[in-house]
Amino acid sequence: MLRVFVIRADTIQTPDQDITDAYCAVTFQGVKKKTKVIKNNLNPVWNEVGMSENIGVSKEIPVPGILLSQLY
């Protein structure tokens, strides 16, 4: 089981320096999860568990893949 905790982002940079509706997407071994959207906030706080499915990761074996997180 893999658990990814998405806590927060600080001072998100936007192309037009405007307020954004922020969310974070996490992808691992083809499984993609997204946090809830926090509207009009450049310093969002999610405090969410991004993944908790059993996707074949053992704590005795190094993680077999790349964890990709993207902030929007």
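Position 1 is the first residue of the sequence, and the numbers go up from there.
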*Output yes when a side-chain donor or acceptor of W46 lies under 3.5 Å from a complementary backbone atom of Y23, and no otherwise.*
no

For residues 4-14, tabulate all N or O donor-acceptor pairs below 3.5 Å that involve a side-chain atom, not counting sequence neighbours.
unit_1, atom_1, unit_2, atom_2, d
R8, NE, D10, OD2, 3.4
Q13, NE2, T11, O, 3.4
T14, OG1, Q17, N, 3.1
T14, OG1, D18, N, 3.0
T14, OG1, D18, O, 3.1

_A side-chain contact here means heavy atoms from C-beta on lying under 4.5 Å apart; do L42 and I19 qualify?_
yes

_If you compare all heavy atoms of T35 against all heavy atoms of E48, which two are closest, and at what distance to 0.1 Å?_
CA-OE1, 3.3 Å

*How many angstroms lie between atom NZ of K34 and atom OG1 of T27, to the nearest 0.5 angstrom?*
9.0 Å

